[in-house]
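For the numbers below, each heavy atom of this structure counts, side chains included, while hydrogens, waters and symmetry mates do not. Each chain gets a letter, A, B and so on, in the order its sequence line appears, and its residues count up from 1.
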There are 2 protein chains.
Amino acid sequence: MQASASESTASDSTAPEIRVAVDLIVLTLRDGALSVLLIQREDEPHRGAWALPGGFVRHGEDLDGAAYRVLADEASLGSGAVHLEQVRTFGTPGRDPRGHVVSVAFMALGADLPDPERGEDVADARWWSLADLADVTLAFDHAAVLEVAIERARSKLEYTTLAVTFLPGEFTVSQLRGVYESVWGRPLDAGNFHRKATRTEGFLVELDRHAAPTGGRPARLYRAGTGTRLVPPLLRISE
Amino acid sequence: MQASASESTASDSTAPEIRVAVDLIVLTLRDGALSVLLIQREDEPHRGAWALPGGFVRHGEDLDGAAYRVLADEASLGSGAVHLEQVRTFGTPGRDPRGHVVSVAFMALGADLPDPERGEDVADARWWSLADLADVTLAFDHAAVLEVAIERARSKLEYTTLAVTFLPGEFTVSQLRGVYESVWGRPLDAGNFHRKATRTEGFLVELDRHAAPTGGRPARLYRAGTGTRLVPPLLRISE
DNA sequence: CCAAAAGTGTTCTTCATACACCCATGC
DNA sequence: GCATGGGTGTATGAAGAACACTTTTGG
């Protein structure tokens, strides 16, 4: 969705093509808060507004490839650092004032991602916790795109092992519980969660080491297992 | 993905644009078998091969609108007849020999859909049960697209009320069970399913009428409730 | 009467929940 | 020792699986 340099001739009526873009919803946990990476637009339209990182797909370029490229250009993130997953494609004609733009939204989840360096054509870039975002009006239809992605993430934690993508290679059960609590926004019973996580086949692999204690008994370290589906699921409903 | 009339100049190297298309996975139950609507291509590429109905999105056209238009043109189906839902977008450069085509796949589910009339630029059109499709090689990457859609449908039956979209406005619990059995490809216990379906809030609305008996006690009629999520879910796993 | 499909009851087991309790560390 | 977080035990209840059984129709 970023501006290419020349858009003064926005409404050229000759042979109007549909342009294809990718938008990224980069999510991570910062101080226990689910946070999204936004960039502040330097150019029109929506100059000065906060927006999702994005960019046009180049001819001959794979959609995933475009997403990784934007991730590198606008968020300084390599492909190893994140889990990338398509969310939905948005194509309502009026969504971009520059013309008809169909944008494929990708969700990128990563562990403890670094502060972004400011890329080109970008006034600023920073992490926003969802709470802080309540007062912000995003550019384009990005508020709706973000909402769909967040809901997708919340719901995928229920029946997949996706939560581990928010954590480094080795982690404790408490950290994993922290992911669920942050993303779902509600506390979980520590004991019950521990049993559930450690006994669900394919979710975690027990290591022989422990983390440095944080005020109590040191927690055993785990790494992600090979399973992707959580059966039975870990439902967020209740009450 | 259908051919527009002029594609002799397929590889024009001047300003190669990415074209946006929609592909439709139209699913219904025919004689208790999950079936998909395919059209036989009249033009190159993949002339004579079976393919998903599809077409290019027009400038200024909504993605859903394009999907409904294709549905009307190539399957003679009105928008009231089906439930339409986006599945995923496919954009690998080599997937269409005519150039770079990004295609948004939509799943369309309907009750007892009619035999298609042959549309323009189409050699033939018919329903295929999934079993019959085992021997058929589909055009483009449509086999992969179909597989993703089928898996999406199977999995959404677990935690949503989507199954009712395969049924007419009024139906029996047995018919609903038949949907699950056909889509999942395995039998379910009639008694347990009955309890689960009738007691899950928002799934079914009981009517005061009964269906004509089919060899046994007449079954009560129901219509779809207002709920969309099935909690707790109806998991297909087991054994 | 019998066959067949609809619907209910019953038993067993699995699993979520709530919460008590013990374990292992730092101070 | 005490505080703190890690981890286990246990009782209760909800819900799935298996299957017996009753109900209501047609022949």
Side-chain angles (χ1 to χ4, degrees), chain A residues 32 157-159 163 167 170-182 184 186-223 227 229-239, chain B residues 32 157-159 163 167 170-182 184 186-223 227 229-239:
Chain A
L157 289 204
E158 293 188 298
Y159 54 94
L167 294 173
E170 300 185 353
F171 53 86
T172 67
V173 174
S174 290
Q175 289 178 287
L176 183 62
R177 177 165 49 85
V179 172
Y180 277 89
E181 293 179 331
S182 300
W184 286 352
R186 79 177 179 95
L188 299 174
D189 182 277
N192 292 334
F193 182 87
H194 187 276
R195 244 191 310 266
K196 173 76 183 177
T198 52
R199 306 224 173 134
T200 298
E201 209 170 340
F203 198 5
L204 301 181
V205 176
E206 187 177 311
L207 301 177
D208 282 333
R209 271 163 304 121
H210 291 74
T214 62
R217 172 176 169 179
R220 180 177 290 277
L221 285 170
Y222 294 82
R223 60 179 175 77
R229 220 178 125 90
L230 233 47
V231 296
L234 189 45
L235 299 177
R236 65 186 137 151
I237 36 117
S238 292
E239 130 278 0
Chain B
L157 289 204
E158 293 189 297
Y159 54 94
L167 293 173
E170 299 186 353
F171 53 85
T172 68
V173 173
S174 291
Q175 289 177 288
L176 183 63
R177 177 164 50 85
V179 172
Y180 277 90
E181 293 179 330
S182 300
W184 286 351
R186 78 178 180 94
L188 299 175
D189 182 277
N192 292 335
F193 182 87
H194 187 276
R195 244 191 310 266
K196 174 75 181 176
T198 52
R199 306 225 174 134
T200 298
E201 209 170 341
F203 198 5
L204 301 181
V205 175
E206 187 176 312
L207 302 178
D208 282 331
R209 271 164 303 119
H210 291 74
T214 62
R217 172 175 169 180
R220 181 177 289 275
L221 285 169
Y222 293 82
R223 59 179 175 78
R229 220 178 126 91
L230 232 47
V231 299
L234 189 45
L235 300 177
R236 65 186 136 152
I237 37 116
S238 292
E239 129 279 0

* To do: For A/F193 and C/dC15, give me the distance from atom CZ to atom P, rounded to whole Å.
  => 17 Å

* To do: Take the protein atom CD of A/E158 and the nucleotide atom P of C/dA16, then report the distance between them rounded to whole Å.
  => 13 Å

* Whole-Å distance between D/dG6 P and A/Y222 OH? -> 12 Å

* **Spacing between A/L188 atom CG and D/dG6 atom P, to the nearest angstrom** => 14 Å

* Upstream residue (5' side of DNA chain D) when A/P218 and B/P213 are each assigned their closest nucleotide -> A/P218

* To do: Write down the atom of B/T200, the atom of B/V231, and the distance for their closest heavy-atom approach.
  => CG2-O, 4.2 Å

* Would you say B/K196 and B/P232 make side-chain contact, with heavy atoms under 4.5 Å? -> yes

* Shortest non-hydrogen contact between A/W184 and A/E158, atoms and distance -> CZ2-CG, 3.6 Å

* Would one find a side-chain N or O of A/T214 under 4.0 angstrom from OP1 or OP2 of D/dG5? -> no

* For B/L234 and D/dA14, what is the distance between atoms CG and P respectively, to the nearest whole Å? -> 20 Å

* Nearest-nucleotide wise, let me know which of B/P232 and B/G215 is further upstream toward the 5' end of DNA chain D. => B/P232

Is there any protein nitrogen or oxygen under 3.5 Å from a nitrogen or oxygen in nucleotides 8-10 of chain C, and what are the pairs?
| residue | atom | partner | partner atom | Å |
| --- | --- | --- | --- | --- |
| C/dG9 | N7 | B/R195 | NH1 | 3.0 |
| C/dG9 | O6 | B/R195 | NH2 | 3.0 |

* Can you tell me the distance, in whole Å, between the NE2 atom of B/H210 and the P atom of C/dA6? => 11 Å

* To do: List the atom of A/P233, the atom of B/P233, and the distance in Å for their closest heavy-atom pair.
  => CG-CG, 4.3 Å

* Ignoring backbone atoms, test whether A/K196 places a side-chain nitrogen or oxygen under 4.0 Å from the OP1 or OP2 oxygen of C/dA16. => yes

* Integer-rounded Å distance: D/dG7 P and A/L176 CG -> 12 Å

* **A/R229 CZ: over 12 foreign heavy atoms closer than 6.0 Å** => yes

* Structure fact -> A/L157 and A/Y180 have their tightest heavy-atom pair at O-OH, 3.0 Å

* Is A/S174 near enough to D/dG5 that one of its side-chain N or O atoms lies under 4.0 angstrom from OP1 or OP2? -> no

* Structure fact -> Taken to the nearest whole Å, CD/B/E206 to P/C/dA6 is 15 Å

* To do: Mind listing the closest non-hydrogen atom pair of A/Y222 and A/H194 along with its distance?
  => OH-NE2, 4.3 Å

* Reckon B/T172 touches a base, only the sugar-phosphate, or nothing at all at heavy-atom distances under 4.0 Å? -> nothing

